There are 2 protein chains.
Amino acid sequence: MDQTKMRILSAAAKLFDIYGYKGTSVRHIAEEAQVNSALISYHFQGKQGVLETLIASYFDTLFRLVEEQEIEYRDAPPYERLEQIIGLYLRFQCEHAPITRLIQRELSVESMLAREVLTLYISRWKHGLSRVIEMGITSSEFQPVSTDRIVLAVISQMTYPFLQAQMVRQVYDLEPYSEEFALWQQASIMRYLRACLLDA
Amino acid sequence: MDQTKMRILSAAAKLFDIYGYKGTSVRHIAEEAQVNSALISYHFQGKQGVLETLIASYFDTLFRLVEEQEIEYRDAPPYERLEQIIGLYLRFQCEHAPITRLIQRELSVESMLAREVLTLYISRWKHGLSRVIEMGITSSEFQPVSTDRIVLAVISQMTYPFLQAQMVRQVYDLEPYSEEFALWQQASIMRYLRACLLDA
DNA sequence: GTCTATATGGGGATAGAC
DNA sequence: GTCTATCCCCATATAGAC
């Protein structure tokens, strides 16, 4: 990928994150990327193409990492695998915070794109967690519970603080991108999971 | 409030929810409300005025309900009060789902309005929960924990499934506005709180 | 309070030169 | 691949008649 395309993508990611997709103009992206505005249509067939490229590469990278980790922890017990996958998701969200926020926000509006992202990517994103839980239930290491509901609760705790980073900073006096926050978040989620999956 | 203003407000709430604030035009609101588009500027000084009115009345209603409940449960033990306030927040979110989604989405974009909502309303929204937890800690009924972090985890579990209602329906096969979902959500949050506040 | 008509600006996209 | 100039559309907001 040549330099111009990269500059456009990172400028767009930054501005979409801050002002939203509709709140960001092609001209503004071009200015931030220090690139002529016509190049955005040339390289990405328009503003929506930029968004789609960002989303696709976000999930492609994530799923590649998940696959690598699944091979590495193939023989680990479910609880440990759960801990690992949650750690991976959290780290990834934090390292790709602008696009995470962008995706989560745009998913909540009605659009063709949102529906496609849900079916193409989000179900697989969820599956990364639910398969590990189901594995633990099958092997009787976890209580038999409604996997979907548990996964939804976990994803809520993982994702909401990143989406509402300004709220977290301003109202909760916490820094959502700090190492300390990530550690607490993981500990909190694992405590929840123990209460659901291990205790009666 | 006369009928025209009401029609505009409910049309706007519906469309802002579905298409987002920026994704909704004044013309579209007027059409949905079956009202002349000039009346929106006349009654609310523009599109942003409609949004501000919706947000203000949402929180005014919520805080009124919270105050009423605080009087009613004045002498109840902290755990029961916690259960009550969470139930109230959940019911309110569900009954005012479009505006809840709208607010949560728009909060995540950088704007003057978002900052004002955070300082004016969200801190008080959080306080409704944190004061009950702090009360329980003071009376030694709860473990001494970081209230802010717990409240953030609770709010995440309460709010994210409503914001991402389409995801919940399409990927999790759950209906976020159903009675059954609300019951499970409350039970799940209380289980989390017991694990944090009561157990070692 | 409500309407019509319109002013004014900004948006995304592209044709065509280099 | 990159730039300039421009087209066309749609948005918000308002002036002024009723």
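Naming: A, B, ... by sequence-line order, numbering from 1 per chain. Please read all numbers here as calculations on a predicted model, not as lab measurements.
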Spacing of I8(B) atom CD1 relative to dA13(D) atom C1', expressed in whole Å:
14 Å
Backbone N or O of R115(A) within a donor-acceptor pair of the Q166(B) side chain at under 3.5 Å?
no
Give one of base, sugar-phosphate or nothing for S41(B), where a contact means two heavy atoms less than 4.0 Å apart.
base
Atom-pair distance (NZ on K5(B); C1' on dT2(C)), nearest Å:
15 Å
Would you say the base of dG10(C) and the side-chain of R27(A) have a donor-acceptor pair closer than 3.5 Å?
no
Any chance the rings of Y58(B) and F92(B) have centres within less than 6.0 Å?
yes
To the side chain of N36(A), which of dT14(C), dA11(D), dT4(D) is closest?
dT4(D)
Tell me the interatomic distance from Q34(A), atom CD, to dC3(D), atom P, rounded to whole angstroms.
11 Å
What do you reckon, are the aromatic ring centroids of Y160(B) and Y160(A) less than 6.0 Å apart?
no
Looking at T4(B), does any N or O in its side chain come under 4.0 Å of the phosphate oxygens OP1/OP2 on dT2(C)?
yes
Is it the case that R64(B) places NZ or CZ above or below the six-membered ring of F59(B), under 6.0 angstrom from the centre and within 45 degrees of the axis?
no
In whole angstrom, give the distance that lies between atom CD1 of I40(A) and atom C1' of dA13(C).
11 Å
Are OP1 or OP2 of dT2(D) and a side-chain N or O of H43(A) less than 4.0 angstrom apart?
yes
Take the protein atom CG of D2(A) and the nucleotide atom C1' of dT2(D), then report the distance between them rounded to whole Å.
11 Å
Out of dA13(C), dT2(C), dA13(D), which has the shortest distance to the side chain of K47(B)?
dA13(D)
Out of dT14(C), dG12(C), dC3(C), which nucleotide sits closest to the side chain of A38(A)?
dT14(C)
In whole angstrom, give the distance that lies between atom CG of L51(A) and atom C1' of dG12(C).
15 Å
Between dA13(D) atom P and Q48(B) atom CD, what is the distance in whole Å?
9 Å
Between E31(A) (CD) and dG12(C) (C1'), how many Å, whole number?
16 Å
Can a salt bridge be assigned to the pair E67(A) and R124(A) using a cut-off of 4.0 Å between side-chain N and carboxylate O?
yes
